[in-house]
Peer 1: 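Could you have a look at this structure, given as structure tokens, before my questions?
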Amino acid sequence: MKLGEIFRDHMVLQANKPVRVFGDGKGHAEVTFMGKTLTCDNDTDGKWVIEFPAMPYGGPYEMDVVCGGEHAVIHDIMVGEVILFSGQSNIQFRMVEEITDPKDYVDDDMMRIFVSESPEAGEPLSPRDGWVRCAKENVPEWSALAYLVSLEARNAGIPVVGAVACSQGASVIQSWIDEKIFLGSPLDIPSEKLHHDWKQPGYIWNRPGMLYHFMLERLIPYSFGNVVWYQGESNTSIAESEIYGDLLGMMIDNWRAVFHDEKLPFAVVVIADFREGEDWEGVQKAQEDAQNHIDGVVSVKSGDISEKRMIHPVTKWRLAKRIFSAMRDKHTI
């Protein structure tokens, strides 16, 4: 029996939503938090969950965990806003690649990031680092959008912001959906109609459900306040552009179900103006229309404030401002 890897020193718990502590394996777990001790006995090798009531902003707190015969104390826990940043390479895109002058980076213990394990080796931040508190020396390795949106939130007076980065470059949306839902559905179209990223040597993550199981499941059922989704470049075949809106709806329904949050808000970034054509523009249109077809979704246009003909636009700070403003306007943060 083991504790989920996200439960580490300096973690941020989502305010005003249930606090779920979880892990894998069978046995006995005992968690003491905020003066209350709860236990769980699990007879299978599957996931176990202990749920504490929602809490307001606050901290620092400690959590005492006995699990699998081991005892751990988690220190410096804060309760604030937790944002899940997911998608492909424009989420992975780091601050060192963004245009902000490093002299403007900030030290801020109330901005923290946790990076989920990726199937691609060599990521500078990973679960082995746990929750990383923002400091000028580690800002270059942050996801640019995670850092810049968190900074917007802090500048707006939010007491503490936790960013969770769960992304993989060149990933297709079907890989982020549980294959039990996707396979055999009308959206499971023939392979010859798929974008070429499905067939690239080395892109082992582009199979239905692969990233859902390898990356996202490690976080389930943590509570989040918002999700920022920036993906779609790897689904710009003609056939996929025609069904991308339905794929997005399937993924959002899937995630809301497994995170036990039927109203979990999504900010969907419309991919940048990299090229023209009905395939690329079809995905853009599906993303723009998502807010009209899926409850709790806000679409965030990027093309007019990002570099043209760049698949990885380097000016991310303008987009971060727009994402945060969209959340504010929808009262989700």
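Bear in mind that the values here come from a model prediction, so they are computed numbers and not experimental data. Side-chain atoms are counted along with the backbone in the values below, which use heavy atoms only and exclude waters and symmetry mates.
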Peer 1: Please list, chain by chain and in numerical order, all residues satisfying salt bridge (charged side-chain N to carboxylate O under 4.0 Å, His left out) with Glu5, sequence neighbours excluded.
Peer 2: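 Listed in chain order: Arg218.
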Peer 1: Do any N or O atoms from the side chain of Ser306 and from the backbone of Ser302 form a donor-acceptor pair under 3.5 angstrom?
Peer 2: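 Looks like yes, one N/O pair under 3.5 Å.
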Peer 1: Would one find more than 12 heavy atoms of other residues, nucleotides or ligands at under 6.0 Å from atom CD of Glu192?
Peer 2: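 Yes, enclosed.
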Peer 1: If you count heavy atoms of other groups shown closer than 6.0 angstrom to CD of Glu70, is the number above 12?
Peer 2: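 12 or below, so no.
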Peer 1: Looking only at non-hydrogen atoms, find the nearest pair between Val12 and Val82 and report the distance.
Peer 2: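 Closest approach of Val12 to Val82, heavy atoms only: O-CG2, 3.4 Å.
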Peer 1: Would you say the side chains of Gln14 and Glu81 form a donor-acceptor pair under 3.5 Å?
Peer 2: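 Distance-only check passes for Gln14 and Glu81.
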Peer 1: Could you go through the salt bridge (Lys or Arg N to Asp or Glu O under 4.0 Å) check for Arg275 and Asp279 one step at a time?
Peer 2: CA-CA 10 Å; Arg275 60 180 171 83; Asp279 49 0; 3.0 Å; yes
Peer 1: Look at the aromatic rings of Phe114 and Trp131 and report parallel, tilted or perpendicular, splitting at 30° and 60°.
Peer 2: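 Rings of Phe114 and Trp131: tilted, 30 to 60°.
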Peer 1: For the pair Phe224 and Phe259, name the ring-plane relationship: parallel under 30°, tilted 30 to 60°, perpendicular over 60°.
Peer 2: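 Perpendicular: the ring planes of Phe224 and Phe259 meet at over 60°.
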Peer 1: Using the salt bridge (charged side-chain N to carboxylate O under 4.0 Å, His left out) criterion, which residues pair with Lys308? Sequence neighbours excluded.
Peer 2: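 Salt bridge (charged side-chain N to carboxylate O under 4.0 Å, His left out) list for Lys308, sorted by chain: Asp273.
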Peer 1: Using 30° and 60° as the class limits, which term best fits the ring planes of Trp205 and Tyr203: parallel, tilted or perpendicular?
Peer 2: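 Aromatic pair Trp205/Tyr203 classed parallel.
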Peer 1: Is the Phe22-Trp48 ring centre distance short of 6.0 angstrom?
Peer 2: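 Distance test on ring centres: not under 6.0 Å, no.
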Peer 1: Ignoring hydrogens, what is the shortest heavy-atom contact between Val49 and Cys40? Give both atom names and the distance.
Peer 2: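 Residues Val49 and Cys40, closest heavy atoms: O-SG, 4.2 Å.
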Peer 1: Closer than 3.5 angstrom, by distance alone: can the side chain of Trp255 be matched with the main-chain N or O of Trp176 as a donor-acceptor pair?
Peer 2: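 At least one qualifying donor-acceptor pair exists.
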Peer 1: Return yes if some donor-acceptor pair links the side-chain N/O of Asn226 with the main-chain N/O of Ala267 below 3.5 Å, else return no.
Peer 2: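 Here the side-chain-to-backbone pair does not exist.
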Peer 1: Take Lys321 and Glu152 through the salt bridge (Lys or Arg N to Asp or Glu O under 4.0 Å) test and state the conclusion after the steps.
Peer 2: CA-CA 7 Å; Lys321 286 181 177 292; Glu152 287 296 310; 3.1 Å; yes
Peer 1: Evaluate whether atom NZ of Lys2 has more than 12 neighbouring non-hydrogen atoms of other residues, nucleotides or ligands under 6.0 angstrom away.
Peer 2: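 It does not: Lys2 NZ has 12 such atoms or fewer within range.
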